[in-house]
Amino acid sequence: MNKLIKKPYLIFWLSIPIICLLGFFTKADSFGFNVHHTYFVIATNHLIMLISLLFGIIGLGYWIMEKANRKLSKWLNLIHITLTFGGILIVLILTQCYRTEIMEYDFNNNLTLSITLILITVIFGQLIFPINIIRGLTKKLPNP
């Protein structure tokens, strides 16, 4: 665990093939969501490519900071990794809880609200990455 906090690029880069495999074996060709009477449909392949690209860029940012000998905050690394992967894992688990046989709209509405709030938290949690990078760039280097 300590190695993942010190080298967070490893977990981001290693998750890219896993995400691609999960996307390849997914039965759904697309998924849609509704925002204020507008229905957005996104192809699963495009979402997989977007997430893989973002994880690659995040991993590259962490790797460049390590090669430049800039120290990042371990706490911010831990929070960023936990929000990113923990939030995605919770959303994947919650999406399996939808009830389709019994029409319980209240349950599904509350579940949709929970998933939406978690996704918003994950998205805003990505702001920790540039904050950590800026903090690492502005922090004074230790004298050799």
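What you see is a predicted model, and the numbers here were worked out from it, not measured in a lab.
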Checklist entry - Would L54 and I88 show up in the same hydrophobic cluster when neighbours are defined by side-chain heavy atoms closer than 4.5 Å? => result no

Checklist entry - Can you get from V91 to L111 by hopping between Ile, Leu, Val, Met, Phe, Trp and Tyr side chains that sit under 4.5 Å apart? => result yes

Checklist entry - Does a side-chain heavy-atom distance below 4.5 Å link F55 with T84? => result yes

Name every donor-acceptor pair, under 3.5 Å, that has one atom in a side chain of residues 11-25 and the other anywhere in the protein, sequence neighbours excluded.
{"residue": "W13", "atom": "NE1", "partner": "G56", "partner atom": "O", "Å": "3.4"}
{"residue": "S15", "atom": "OG", "partner": "I11", "partner atom": "O", "Å": "3.2"}
{"residue": "S15", "atom": "OG", "partner": "F12", "partner atom": "O", "Å": "2.8"}

Checklist entry - Would you say the side chain of Y39 lies within less than 4.5 Å of the side chain of V41, judging by non-hydrogen atoms? => result yes

Checklist entry - With no hydrogens and no angle check, is any side-chain donor or acceptor of E66 less than 3.5 Å from a backbone partner on Y62? => result no

Next on the checklist: When you group the ILVMFWY residues by side-chain heavy-atom contacts below 4.5 Å and let the links chain together, are F85 and W63 in the same group?
Outcome noted: yes

Next on the checklist: For a side chain to side chain contact (heavy atoms under 4.5 Å, CB included) check, start with the C-alpha distance between M65 and L137, then their side-chain angles and the critical distance, and finish with the verdict.
Outcome noted: CA-CA 8 Å; M65 291 300 287; L137 290 172; 3.9 Å; yes

Next on the checklist: Give me the atom names and distance for the closest heavy-atom approach of L83 to V122.
Outcome noted: O-CG2, 3.3 Å

Next on the checklist: For the NE2 atom of H80 and the CG atom of L127, what is their distance to the nearest 0.5 Å?
Outcome noted: 9.0 Å

Next on the checklist: Measuring only between side-chain heavy atoms, which start at C-beta, is I48 closer than 4.5 Å to S52?
Outcome noted: yes

Next on the checklist: Rounded at 0.5 Å granularity, tell me how far CG in L89 sits from CG in L94.
Outcome noted: 9.5 Å

Checklist outcome for this item: side-chain contact (heavy atoms from CB on, under 4.5 Å) test vs T116 passes for just one of I120, L119, I118, namely I120

Item to check | Gap between atom OG1 of T82 and atom CG of L78 - 0.5 Å precision | outcome: 4.0 Å

Next on the checklist: As an exercise, state the distance from OG1 of T44 to CE of M49, rounded to the nearest 0.5 Å.
Outcome noted: 10.5 Å

Checklist entry - Cluster question for you: counting only ILVMFWY and a side-chain heavy-atom cut-off of under 4.5 Å, with indirect links fine, are I51 and L60 together? => result yes

Next on the checklist: Here's a test for you: under side-chain contact (heavy atoms from CB on, under 4.5 Å), which of I58, I81, L76 qualifies with P8?
Outcome noted: I81

Checklist entry - Considering only heavy atoms from C-beta outward, does the side chain of F40 approach that of T38 to under 4.5 Å? => result yes

Item to check | Nearest-0.5 Å distance that lies between atom CG in L10 and atom NZ in K7 | outcome: 6.5 Å

Checklist entry - Could you give the distance from CD1 (I57) to CZ (F129), rounded to the nearest 0.5 Å? => result 9.0 Å

